[in-house]
Amino acid sequence: MDQFMKRAVELADESVKEGGQPFGAVLVKDGKIISEGINELHLKYDISGHAELIAIRKAQEQLQTLDLSGYTMYASGEPCPMCMTAIYFSGIENVYYCGTVEDAKAAGLGKSVYVYNQLALPREKRDVHMVHMPLTQGMSNPLENWTEKEGK
């Protein structure tokens, strides 16, 4: 396991040297590295270009699957809420990390702490204003359409 965390940290260091943020991730199954990622925000101007998401995207594309059950993520830093959501949705069962979100905040990268705190609040107390707009008469219901779909 130590070699996988060491690789995640190496990727984070390489990212910093190349002008990026200090985050690297390695996705492992059966003792083998399946994919790797670094934060690519600075390369592609994509806010979702986090190391963990890049590693997940690469593995899913390579393996042609959405299900990563049985895989383990090694990350140089504690995954943010967006990355944790992808980890949950993809079925990854174990995550090992070095730096905490509090460590990242101390380094000037504190959005994760803020977002985790926001998501813990009821919708009406969050900083992002959210309004529920129920379907109206005459609108198709995509969830019902999905439920009725054959072979989903």
Side-chain angles (χ1 to χ4, degrees), residues 1-133 135 142-143 145-146 149 152:
M1 284 198 290
D2 287 344
Q3 80 248 26
F4 303 129
M5 185 57 76
K6 183 178 178 189
R7 179 61 184 150
V9 171
E10 286 172 357
L11 289 166
D13 279 336
E14 289 172 21
S15 178
V16 170
K17 289 175 189 167
E18 294 172 5
Q21 294 179 338
F23 301 107
V26 176
L27 191 60
V28 174
K29 182 159 187 186
D30 299 328
K32 289 190 232 169
I33 294 176
I34 304 303
S35 62
E36 300 178 336
I38 62 165
N39 274 33
E40 294 184 351
L41 284 71
H42 67 296
L43 298 174
K44 299 190 177 181
Y45 300 96
D46 174 3
I47 201 68
S48 71
H50 289 201
E52 299 90 339
L53 291 177
I54 300 301
I56 289 169
R57 287 178 189 146
K58 286 179 179 178
Q60 289 179 327
E61 184 176 357
Q62 173 189 335
L63 302 168
Q64 294 292 289
T65 185
L66 297 175
D67 183 10
L68 297 177
S69 300
Y71 289 71
T72 299
M73 178 71 71
Y74 292 84
S76 64
E78 182 176 358
C80 75
M82 177 175 58
C83 293
M84 281 305 302
T85 300
I87 286 165
Y88 275 104
F89 281 0
S90 67
I92 294 170
E93 298 161 6
N94 297 292
V95 177
Y96 296 90
Y97 63 93
C98 283
T100 65
V101 293
E102 292 80 13
D103 295 336
K105 182 177 182 180
L109 299 164
K111 286 277 189 179
S112 290
V113 172
Y114 167 75
V115 175
Y116 272 123
N117 290 335
Q118 284 287 300
L119 292 175
L121 296 172
R123 285 184 197 99
E124 64 275 2
K125 294 197 180 214
R126 295 178 189 161
D127 290 345
V128 173
H129 184 74
M130 295 177 60
V131 178
H132 176 228
M133 295 179 66
L135 295 171
L143 291 174
N145 294 341
W146 169 256
K149 183 179 173 182
K152 37 184 177 191

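In what follows, every heavy atom counts, from backbone to side chain, and hydrogens, waters and symmetry copies are set aside.
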**OP:** Would you please test Gln118 and Val128 for side-chain contact (heavy atoms from CB on, under 4.5 Å) and show each step?
**Re:** CA-CA 9 Å; Gln118 284 287 300; Val128 173; 5.7 Å; no

So which atom in [X] and which in [Y] form the shortest heavy-atom distance, rounded to 0.1 Å?
| X | Y | value |
| --- | --- | --- |
| Met84 | Tyr116 | CG-OH, 3.2 Å |
| Cys83 | Glu52 | SG-OE1, 3.3 Å |
| Val26 | Ile33 | CG1-CG1, 3.6 Å |
| His50 | Leu41 | CD2-CD1, 3.6 Å |
| Ala55 | Met73 | CB-CE, 4.4 Å |
| Gly49 | Arg57 | CA-NH1, 4.3 Å |

With distance as the sole test, does [X] use its side chain to make a donor-acceptor pair with the main-chain N or O of [Y] at under 3.5 Å?
| X | Y | value |
| --- | --- | --- |
| Lys58 | Glu36 | yes |
| Gln64 | Glu61 | yes |
| Glu40 | Asp46 | no |
| Glu78 | Val101 | yes |
| Ser76 | Gly24 | yes |
| Asn39 | Ala51 | yes |
| Ser15 | Leu11 | no |
| Asp103 | Thr100 | yes |

Original post:
Are a donor atom and an acceptor atom from the side chains of Asp67 and Ser69 found within less than 3.5 Å of each other?
Top reply: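 Indeed, the side chains of Asp67 and Ser69 share at least one donor-acceptor pair under 3.5 Å.
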
Measure the spacing between [atom1] of [X] and [atom2] of [Y] and express it to the nearest 0.5 Å.
| X | Y | atom1 | atom2 | answer |
| --- | --- | --- | --- | --- |
| Ile54 | Ser48 | CD1 | OG | 7.0 Å |
| Glu18 | Leu43 | CD | CG | 7.5 Å |
| Met82 | Ile87 | CE | CD1 | 11.0 Å |
| Phe23 | Asp13 | CZ | CG | 12.0 Å |
| Ile38 | Gln21 | CD1 | CD | 10.5 Å |
| Gln62 | Leu27 | CD | CG | 9.5 Å |

Subject >> Residues which pass salt bridge (charged side-chain N to carboxylate O under 4.0 Å, His left out) with Glu93, listed by chain and number, not counting sequence neighbours >> reply: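 Residues passing salt bridge (charged side-chain N to carboxylate O under 4.0 Å, His left out) with Glu93: none at all.
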
**OP:** Please name all residues satisfying salt bridge (charged side-chain N to carboxylate O under 4.0 Å, His left out) with Lys17, sequence neighbours left out, ordered by chain then number.
**Re:**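 Once residues adjacent in sequence are excluded, Lys17 has no partner under the salt bridge (charged side-chain N to carboxylate O under 4.0 Å, His left out) criterion.
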
Take atom [atom1] of [X] as the centre, draw a 6.0 Å sphere, and report whether it contains more than 12 heavy atoms from other residues, nucleotides or ligands.
| X | atom1 | result |
| --- | --- | --- |
| Phe89 | CZ | no |
| Arg126 | CZ | yes |
| Leu121 | CG | yes |

Original post:
Does any non-hydrogen side-chain atom of Ile92 lie less than 4.5 Å from one of Ile56?
Top reply: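 The answer is yes, as the side chains (C-beta and beyond) meet within the 4.5 Å cut-off.
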
Original post:
Under 30°, 30 to 60°, or over 60°: which ring-plane class applies to Tyr74 and Phe4, parallel, tilted or perpendicular?
Top reply: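 Ring orientation, 0 to 90° scale: tilted.
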
**OP:** Kindly determine whether Val115 and Cys80 satisfy side-chain contact (heavy atoms from CB on, under 4.5 Å), including the steps that lead there.
**Re:** CA-CA 8 Å; Val115 175; Cys80 75; over 6 Å; no

